[in-house]
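On a predicted model such as this, the values are computed, not experimentally measured, just so you know. Residue numbers start at 1 and run along the sequence shown.
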Amino acid sequence: FGVLTIADSEAEEDIHQQDQLLNNSMPEGYTRATLPLTPVYDQHTHDGISDLKYDYRRNIDARLTILAGSDLRLHHVNYDITQPIGEQTPLSPDPARRNATSFAPHFWVGETGSYAQSQFDITNKWAVGAGVRLQTFAFGGHLTLTPRLNMQYRLSSRADLHFSFGEYAQMPPYVYLTAFPLNRALTPIRDRQFVGGIDFLFGTQGKLSIDAYRKDYRDYPVSSEYPTFSLANIVDTLGQEFIWLPMVSRGAGRAAGIELSMTDRIGSRTQLLGNVAYAKAQFSGLDEVLRPGNFDYPGIANLAGEYRLG
């Protein structure tokens with residue numbers, strides 16, 4: 001059988017920022033009451049994604065399953081961003097504003113993705129799967145071919161081991177791709193992932209999982225001016241001006257971690273979910289020195305519950 005999915009999402013953001021004390025100085029002859037405001041940043045952005053996707057699944061026999069599909073994604077980019085006098089940057093001891101820019105791209109651009117995957121039960125305990133994904137990116141004319149592999153081994157009726165490997169490719173956000181002419185040469189970010197773990201069933205509906213993973217990144221966008229700075233270090237400034245920088249695809253990254261998770265039901269109305277994880281995420285700039293990324297959270301713990309009243 002096959003499943004056809006049609007989706008569309010739209011997002012807009014408007015930011016207008018003015019400084020009263022430009023460069024933290026008061027011009028002679030003015031007071032705080034009479035000092036005119038200086039526009040330093042304007043951002044009006046619209047991102048739209050229209051998606052048409054088809055997934056197909058067929059059971060050839062009791063042991064072999066084939067999965068395939070294609071995805072056509074159309075991006076609508078409409079930006080008007082002005083940073084007329086640049087910005088003071090924490091990346092340099094020089095207090096002068098730098099990297100003044102203005103860009104207003106408006107275009108439609110497409111991406112496609114197609115995949116094929118097979119799942120085969122070798123025995124009642126062993127199962128393996130393999131696949132490949134082909135992607136095209138109209139912006140820059142890029143084409144990527146990435147493999148997938150997974151294996152599962154049943155230790156008993158209540159425990160199994162699993163392992164998976166995959167490579168992935170994704171373009172940087174279009175707002176960074178269009179910020180400077182140099183950024184238009186950025187290539188897809190590449191990611192290689194390894195995941196392994198074990199699942200235990202307990203009680204009547206409980207499940208305990210232990211998983212470890214590693215991700216290796218390459219072709220990551222990094223600053224061409226500041227050798228320590230990577231796209232992974234850019235923080236969402238929540239309504240304030242951004243740091244727009246010329247970038248090149250010469251960065252790398254590494255993330256690894258382990259997670260213990262559990263789900264269980266107590267009676268017919270209560271469900272509990274929880275997890276504890278330790279992870280490390282590091283990225284390098286042009287200097288090739290790995291440093292903690294913006295989303296480096298070494299320790300995470302979550303606990304949630306659900307109680308059905310009716």
Side-chain angles (χ1 to χ4, degrees), residues 47 49 51 70-75 77 79 81 89 91 99 101 103 105 107 109-117 130-150 164-195 213-236 242-257 279-297:
D47 287 278
I49 302 177
D51 194 30
S70 290
D71 184 12
L72 173 62
R73 184 169 294 180
L74 192 61
H75 292 262
V77 172
Y79 304 148
I81 297 176
T89 173
L91 305 175
N99 295 311
T101 187
F103 54 104
F107 58 85
V109 65
E111 298 177 4
T112 67
S114 299
Y115 72 92
Q117 182 174 334
V132 65
R133 181 175 179 84
L134 176 68
Q135 291 174 267
T136 65
F137 304 92
F139 193 101
H142 303 289
L143 183 147
T144 62
L145 187 67
T146 52
R148 309 282 193 276
L149 176 68
N150 65 80
S164 63
F165 159 80
E167 291 190 358
Y168 303 87
Q170 180 180 346
M171 289 294 289
Y174 284 102
V175 69
Y176 294 108
L177 286 168
T178 55
F180 287 91
L182 178 65
N183 295 12
R184 291 180 172 269
L186 292 174
T187 60
I189 301 170
R190 306 300 294 265
D191 173 23
R192 177 176 292 173
Q193 299 186 15
F194 300 88
V195 181
Y213 69 89
R214 172 165 173 153
K215 303 178 182 180
D216 294 309
Y217 298 90
R218 61 183 174 89
D219 299 336
Y220 213 88
V222 296
S223 170
S224 61
E225 300 177 28
Y226 305 103
T228 63
F229 196 71
S230 164
L231 181 63
N233 302 116
I234 292 183
V235 180
D236 190 339
F242 253 64
I243 297 177
W244 301 113
L245 297 171
M247 290 186 167
V248 293
S249 296
R250 292 171 54 187
R254 181 188 304 152
K280 180 177 288 188
Q282 297 178 307
F283 294 84
S284 66
L286 287 178
D287 63 356
E288 301 182 355
V289 176
L290 291 171
R291 298 176 180 83
N294 185 40
F295 298 100
D296 180 45
Y297 299 106

Report task. Report the relative orientation of the aromatic rings in Tyr174 and Phe139; use parallel for angles under 30°, tilted for 30 to 60°, perpendicular for over 60°. Result -> perpendicular
Requested in this report: Grab the two heavy atoms, one from Ala255 and one from Tyr217, that are nearest each other, plus how far apart they are.
Outcome: CB-CE1, 4.4 Å
Report task. Specify whether Phe103 and Trp244 have parallel, tilted or perpendicular ring planes, treating 30° as the upper limit for parallel and 60° as the lower limit for perpendicular. Result -> perpendicular
**Report entry** Any Glu167 side-chain heavy atom under 4.5 Å of Asp191 side chain
**Finding:** no
Query - Closest heavy-atom pair and its distance - Pro292, Asn233 - result: O-ND2, 3.4 Å
Requested in this report: Report yes if some heavy atom in the side chain of Leu231 is under 4.5 Å from a heavy atom in the side chain of Tyr220; otherwise report no.
Outcome: yes
Query raised in the report: So which heavy atom on Pro221 is nearest to which on Pro172, and how close?
Result: CG-CG, 3.8 Å
Query raised in the report: Arg73 side chain to Asp71 main-chain N or O, any donor-acceptor pair under 3.5 Å?
Result: no
**Report entry** Basic-acidic side-chain contact under 4.0 Å: Asp216, Arg214
**Finding:** yes
Report summary line: Heavy-atom nearest pair, Gly253 first then Phe283, reads CA-CD2, 3.6 Å
Query raised in the report: Where do Phe137 and Met171 come nearest, in terms of heavy atoms and distance?
Result: CD2-CG, 3.3 Å
Query raised in the report: Is a donor on one side and an acceptor on the other found under 3.5 Å between the side chain of Ser249 and the backbone of Thr187?
Result: yes
Query raised in the report: Going by heavy atoms in the side chains, are Ile81 and Val175 under 4.5 Å from each other?
Result: yes
Query raised in the report: Should we say atom CZ of Arg250 is surrounded by more than 12 heavy atoms from elsewhere, each under 6.0 Å from it?
Result: no
Query raised in the report: Looking only at heavy atoms, what is the nearest atom pair of Val222 and Gly285, with distance?
Result: CG1-CA, 3.8 Å
Query raised in the report: Distance-only, no hydrogens or angles: does the Asn183 side chain make a donor-acceptor pair with backbone N or O of Met247 under 3.5 Å?
Result: yes
